[in-house]
Amino acid sequence: MQKELAINGGPRTINKEFPWPVYDESDINAAAEVVRSGRWGNPDCADLVKSFEDEFAAFCRTKYALTCVNGSVALRLALIACNVRPGDEVIIPPYTFIATSTIVLEANCVPVFVDIDPDTYNLDATKIEKAITKKTKAIIPVHFAGQACDMDAIMAVAKKHDLKVIEDACHGHGAEYKGKKLGSIGDAGCFSFQSSKNLTSGEGGMVITNNEKLYDMMNSLRNVGRVKGGQWYEHHYLGCNYRITQLQVAILKNQIKRLKEQTLKRHENGTYLNSILEKIEGIKPLRRGIGETIHSYHIYIFRYDRSKFNNLSKVEFSKMLAAEGVPCFMGYPQPLYKQPLFQEKNFMCYAIPDYVDYTKVSCPVTEKACYEEAVWIMQNTMLGTKEDMDNIAEAIIKIQKAVL
Ligand SMILES: *Cc1c(COP(=O)(O)O)cnc(C)c1O
């Protein structure tokens, strides 16, 4: 009965909001305290910044952690500090946020797209080696949605070909691979604190590493090329002001107290949701068990098969499900290389070699994910109750019954 669907005016399956960010008086007080202290800035009075970096490094069990303005810049600092040269190639997945690719272009390097695994939507480690050339310098695996990439395989290929590994862990705060925090396995790991992310101060970023040389260079690049022991107006490298503020960090220091519990809740709800959705014909949760010991579920993704829904398109299905009160949408509409930026090579002043032609790139698994399969539910919904998870399944079944 199509009339019963909420999109046609019927009753909604879920009648509640899933708030984000989560905050209370303690966050307000933390921010107010910084305002009253007058110690807003960084680097000259960055005591909170330093203490948060130490706390985050300890949390990830790495030697160093370095805050910056956002996750894109975290990736940018890591890549440039890896000493890439113009024309060097960097392997990335095409199923990720645009920043994973633009920071490569901004370093005058060439993004080389390697397709994703159809069961995890992470970089397909078995396809990396084929894409490696003499010019390849780095791999940026994205722990998509908060699920760990196959890091053993990726680190092995990187070691064999002497490549740097920069983990894009912007979805993976507190998530783990074989007991290790995401971001702590490669040469550097990058996080975003943008407002949608699992740990947020509105904007902000972090890069972690165990490598002192990398850390010193990233620190310099973040701080207009200044170096340890140098004068204030002495600049050694082409950096910029990429510093975070004390206000952002005050909020982050308070927010991180909730992260562990929130991450476990998402992990638990995600695991449960998998178990009930996999029983619905035409709905396939992504595969787990590649080595992730904690999945942070920045996004809960399931694969939709229209043939089991009377050929209803993914876009229409997502709209119906959203109308039922499940905060969901279709995710990326196309692979990154299909964006006008790549198709038209609108690279402006960046020196990308002429032979590069993204109209010839084809990553069929990513195309299927974008055009046909993937449906996203964002992380705040995953902080709901077990009953909310049951209701998500119920809403999907309701739509299926109505359209068949
Ligand atoms: C959010 C995000 C980034 C960029 O972070 P910003 O803080 O928005 O700059 C990079 N990679 C992925 C996978 C992201 O989701």
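Start at 1 with the first residue, then count along the sequence. Both ligands and their constituent atoms are indexed starting at 1 by order of listing. Just the heavy atoms: all of them, side chains too, but no hydrogens, waters or symmetry mates, feed the values below.
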Legend entry - Least distance between heavy atoms, A169 atom then F191 atom: O-CD2, 3.3 Å

Inset, instruction - May I ask you to list the atoms of ligand 1 that are less than 4.0 angstrom from any heavy atom of T100? - result: 11 (N)

Legend entry - Residue and atom name of the nearest protein heavy atom (relative to atom 11 (N) of ligand 1), distance in Å to one decimal: D168 OD2, 2.8 Å

Inset, instruction - May I ask you to check whether T120 and Q147 show a side-chain donor-acceptor distance below 3.5 Å? - result: no

Inset, instruction - Please could you name the atoms of ligand 1 that F97 approaches to less than 4.0 Å, counting only its heavy atoms? - result: 2 (C), 3 (C), 4 (C), 12 (C), 14 (C), 15 (O)

Inset, instruction - Return yes or no for this condition: an N or O of T96 is under 3.5 Å from an N or O of ligand 1. - result: no

Legend entry - Y297 and Q262 side chains, donor-acceptor separation under 3.5 Å: no

Inset, instruction - For ligand 1, find out whether one of its N or O atoms is nearer than 3.5 Å to an N or O atom of S192. - result: yes

Inset, instruction - Please work out which of K197, H171, Q194 has its closest non-hydrogen atom nearest to atom 2 (C) of ligand 1. - result: K197

Inset, instruction - Please indicate whether K63 has more than 12 foreign heavy atoms, meaning atoms of other residues, nucleotides or ligands, lying under 6.0 Å from its NZ. - result: no

Legend entry - Any donor-acceptor N or O pair under 3.5 Å, side chains E203, Q248: no

Legend entry - Test of proximity, G71 against ligand 1: N or O pairs below 3.5 Å: yes

Legend entry - Per-residue contact class, S72 against ligand 1 - non-hydrogen pairs under 4.0 Å: both

Inset, instruction - Verify the distance criterion only: is there a donor paired with an acceptor across the side chains of E316 and S313 at less than 3.5 Å? - result: no

